[in-house]
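Structure first, commentary second.
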Amino acid sequence: MKKALFFIIPIVVIVVLITGVIFYNKDYNLDYTLVYYETCDNTDDNTYWFSLRDEKYNGFFTEEYLRNYGVKFSDFDYENYTYIVTFGHELKGITYSPKKTKNRVMFVFPKQYIGKVVLCKENTGKVYIYRVKKMDIDCDYHERDKNVSFE
């Protein structure tokens, strides 16, 4: 019995570690729903997207930032959702990974994800607001065009 445990325990540990590494490096798709869009005067200031989320997440952007662009949407439900805002381009997809975060809890667990978005190439001159599940996700606000691609 001791010989069997001597071989089984290391195998289980290795399998758990490999599985953890796979899930840690994986990109997860985020489902989204368009809730608002409107023509906007200025969609070319290199802010392609950001999120609005529950205040406990300490987001960098606020609803006031949207009002500066003349956006009148105010039906935000931060208790249940996070909102992805795109400027000038429709959202084609958004992903996140535990590997790419701004902050961590206990040095290991992801706290704030850095999203990766795919936007339509065509600049429509509109601002779009999408609803996603409640989570702490945002753009890299130091390099706002990082993790943005166009199709």
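If you chain together hydrophobic residues whose side chains sit under 4.5 Å apart, Val132 and Trp49 fall into the same group. Residues Val127 and Val118 do not share a hydrophobic cluster, defined by chaining ILVMFWY side chains whose heavy atoms lie under 4.5 Å apart. Both Val148 and Ile84 belong to a common hydrophobic cluster when Ile, Leu, Val, Met, Phe, Trp and Tyr are linked at side-chain heavy-atom distances under 4.5 angstrom.
A perpendicular orientation is assigned to the rings of Phe50 and Tyr65, their planes being inclined by more than 60° (bins at 30° and 60°).
Residues Ser97 and Lys26 come closest through the heavy atom pair OG-O, 3.1 Å. Across all their heavy atoms, Leu52 and Phe61 have their closest contact at CD2-O, 3.7 Å. Nearest heavy-atom pair, His89 versus Glu122, reported as atom, atom and distance to 0.1 Å: ND1-O, 3.3 Å.
The environment of Phe23 atom CZ is sparse: at most 12 non-hydrogen atoms of other residues, nucleotides or ligands sit within 6.0 angstrom. A 6.0 Å sphere centred on CG of Asn68 holds more than 12 heavy atoms belonging to other residues, nucleotides or ligands. For Glu64, the CD atom is densely surrounded, since the number of other residues' heavy atoms within 6.0 Å is greater than 12.
Residues Ile137 and Gln112 are not in side-chain contact: their nearest non-hydrogen atoms beyond the backbone lie 4.5 Å or more apart. Side-chain contact between Leu91 and Tyr128 is absent, with no heavy-atom pair separated by less than 4.5 Å. Put simply, the side chain of Leu66 does not reach to within 4.5 Å of the side chain of Phe73, judged on heavy atoms.
Residues meeting the ring pair (Phe, Tyr, Trp, His ring centres under 6.0 Å) test with Tyr83, sequence neighbours left out: Phe76, Tyr78.
A cation-pi contact, defined as under 6.0 Å to the ring centre and within 45° of the axis, is absent between Lys100 and Tyr96.
The only option from Thr82, Asp54, Asn80 that meets the side-chain hydrogen bond (donor to acceptor under 3.5 Å, both in side chains) definition with Lys134 turns out to be Asp54.
Interatomic distance, CD1 of Ile94 versus CG of Asp31, reported as 11.0 Å (0.5 Å rounding). Note that NZ of Lys116 and SG of Cys139 are 15.5 Å apart. Values are rounded to the nearest 0.5 Å.
Its side chain within the 4.5 Å cluster rule, Ile18 clusters with Ile14, Ile22 among the Ile, Leu, Val, Met, Phe, Trp and Tyr residues.
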Check the pair Arg131, Asp77 against salt bridge (charged side-chain N to carboxylate O under 4.0 Å, His left out), reporting the backbone distance first and the verdict last. CA-CA 9 Å; Arg131 184 178 66 207; Asp77 176 8; over 6 Å; no

